[in-house]
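Let me begin by presenting the structure, written as structure tokens, before commenting on it.
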Amino acid sequence: MVTTNAGPATALPPAVRPRLSARAKGTAALVVTVLIWAAFALSARALSSSSLLPADAALLRFGVPLLVLAPALWRRRRRIAAVRPATALKIACGAGVPFFLAAMYGGSLTSAAFVGSIVPGMVPLFVSALMAAAGKGLPRGTQAVGLALIAVGVVALVWRFVVPLNAQVLAGAGILLVASGLWALYTVGLKEMDLDPIGSIGLLCLPSFTVMALLVLTGVLPTGMASAAGSDIALFLVVQGLGVGLCAGLLYAYAIRSLGAERSSTMGSLSPVAVVLLAVPLLGESPTAAVLVGVPLITAGVALANRRPRPRTAALPRPLPLTRTQPEVPDHA
């Protein structure tokens with residue numbers, strides 16, 4: 001035993017590592033998710049100057065998650081196969097090959113700000129339209145105000161290309177609107193099935209990769225993978241395959257469980273702002289006056305549209321001192 005003048009030395013307790021709270025972890029996961037969404041918009045714009053073709057980017061987008069998650073997907077094969085065909089079709093079309101090609105091609109004709117604003121920004125409006133068509137009522141209150149702001153923001157974004165007419169940008173904006181509508185279909189499909197995030201990724205990527213591989217092998221879509229630059233392949237593998245295809249889905253699901261659906265959706269509405277800020281140093285895009293007006297309107301609209309109206313409750317008698325109310329369970333769909 002080591003002794004000192006003050007007496008025998010005592011062993012110091014090991015250092016206690018501070019643990020992050022569930023809210024802090026959820027916030028961190030959501031921040032990373034927003035950055036990944038922004039990277040998707042940037043990569044859609046960067047594809048036009050890349051040595052890769054859209055088919056190559058799609059193969060990386062849907063193939064990498066299948067490769068990484070293969071053992072876990074095999075264990076979930078029966079649950080994936082049990083999903084109703086109509087719901088599976090919404091997933092495969094809404095976020096699969098049609099959505100991906102529309103987002104990539106629309107981005108090549110416009111700018112990163114358009115991709116980052118129109119595609120996620122118009123989703124609440126399209127989802128509300130699908131819900132209304134299904135007889136589930138019209139949005140009211142702050143949700144209706146939010147949808148109106150989204151529409152005004154999109155009009156402000158594209159107005160300067162109407163007079164004088166810029167057919168290329170307007171065509172790209174129209175294709176991005178199609179991509180947003182497809183993503184809304186994917187959102188509705190997610191609410192109709194009972195799969196965990198890994199199973200959802202498998203349900204999306206397996207048919208999408210199969211269709212894309214057949215289109216490439218039959219020559220319907222050209223490929224430049226064999227002659228593409230290694231740096232381009234690495235970039236899209238990380239951003240599209242690992243980032244968008246794998247990490248975004250898992251991290252966003254974790255954020256929803258930790259923070260709740262409303263808070264996650266509200267913070268996720270900052271994605272268009274992140275795209276505009278990152279496009280300046282990475283792609284050399286300078287935000288125009290239309291972008292500076294339209295993007296904040298769309299962001300505010302998405303935040304309001306994702307707010308849940310509080311249910312009206314009748315006045316209740318004052319509870320006893322030991323009574324606790326049951327907290328509301330957030331919708332994790």
Side-chain angles (χ1 to χ4, degrees), residues 32-33 35-74 80 88 91-112 114-116 119 168 171-172 175-176 178-179 182-183 186 198 200-251 275 278-279 282-285:
V32 176
T33 303
L35 292 177
I36 292 174
W37 288 344
F40 171 81
L42 296 173
S43 65
R45 183 70 182 98
L47 184 62
S48 60
S49 59
S50 170
S51 57
L52 289 174
L53 297 177
D56 304 323
L59 289 174
L60 293 174
R61 159 69 178 87
F62 301 114
V64 171
L66 289 177
L67 183 63
V68 174
L69 298 176
L73 294 176
W74 178 255
I80 295 175
I91 299 296
C93 292
V97 173
F99 165 79
F100 186 86
L101 293 180
M104 293 294 110
Y105 186 61
S108 68
L109 297 177
T110 55
S111 66
F114 272 61
V115 181
V119 175
Q168 174 179 310
I175 295 172
L176 292 177
V178 173
L182 289 171
W183 190 265
Y186 168 71
I198 294 179
S200 301
I201 292 175
L203 182 63
L204 167 63
C205 291
L206 182 57
S208 299
F209 180 80
T210 302
V211 169
M212 185 55 61
L214 290 175
L215 292 176
V216 170
L217 291 176
T218 56
V220 176
L221 290 178
T223 177
M225 188 78 74
S227 58
S231 59
D232 290 340
I233 295 176
L235 174 63
F236 279 84
L237 188 149
V238 172
V239 173
Q240 293 287 352
L242 295 177
V244 179
L246 184 62
C247 295
L250 299 179
L251 290 174
V275 172
L278 291 174
L282 297 180
L283 299 179
E285 293 186 2

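- Shown here for A103 and A44, the closest heavy-atom pair between the two residues is O-CB, 3.9 Å.
- When L283, L109, L282 are each tested for a side chain to side chain contact (heavy atoms under 4.5 Å, CB included) with R45, only one passes: L283.
- Distance check, rounded to the nearest 0.5 Å: CD1 of I201 to CD1 of I91 gives 11.5 Å.
- Considering every non-hydrogen atom in both G94 and F99, the closest pair reads O-CB, 3.2 Å.
- Shown here for G202 and L73, the closest heavy-atom pair between the two residues is CA-CD2, 3.5 Å.
- With rounding to the nearest 0.5 angstrom, the CZ atom of F114 is 8.5 Å from the CG atom of L176.
- The number of heavy-atom neighbours closer than 6.0 Å to OH of Y186, taken from other residues, nucleotides and ligands shown, is above 12.
- Using a 4.5 Å heavy-atom threshold, the side chains of F100 and M212 count as separate.
- Residues L221 and L53 have side chains not in contact (no heavy-atom distance under 4.5 Å, counting atoms from C-beta outward).
- The backbone N or O of A112 sits less than 3.5 Å from a side-chain atom of E285, completing a donor-acceptor pair.
- From L235, atom CG reaches atom CG of L52 across 8.5 Å, with rounding to the nearest 0.5 Å.
- When side chains are defined from C-beta on, V115 does not count as touching V275, because their heavy atoms never get closer than 4.5 Å.
- Atom CZ of F62 and atom OG1 of T210 lie 11.0 Å apart (nearest 0.5 Å).
- Looking at heavy atoms from C-beta onward, R61 lies in side-chain contact with V244 at the 4.5 angstrom threshold.
- Of all non-hydrogen atoms in T33 and A248, the two that sit nearest each other are CG2-O, 4.1 Å.
- Although no hydrogens or angles enter the test, the distance criterion places a donor-acceptor pair under 3.5 Å between the side chain of S51 and the main chain of A229.
- Nearest heavy-atom pair, L60 versus L237, reported as atom, atom and distance to 0.1 Å: CD1-N, 3.9 Å.
- Here D56 contributes atom CG and I233 contributes atom CD1; the two are 8.0 Å apart, rounded to the nearest 0.5 Å.
- Taking the side chain as every heavy atom from C-beta outward, C247 and I36 approach each other to under 4.5 Å.
- Annotation for L101 and P54: closest pair CD2-CB, 4.0 Å, computed over non-hydrogen atoms.
- Note that the CE atom of M104 and the OG atom of S48 stand 10.5 Å from one another [nearest 0.5 Å].
- Contact annotation: the side chain of S50 approaches that of F236 to within less than 4.5 Å [non-hydrogen atoms, C-beta and beyond].
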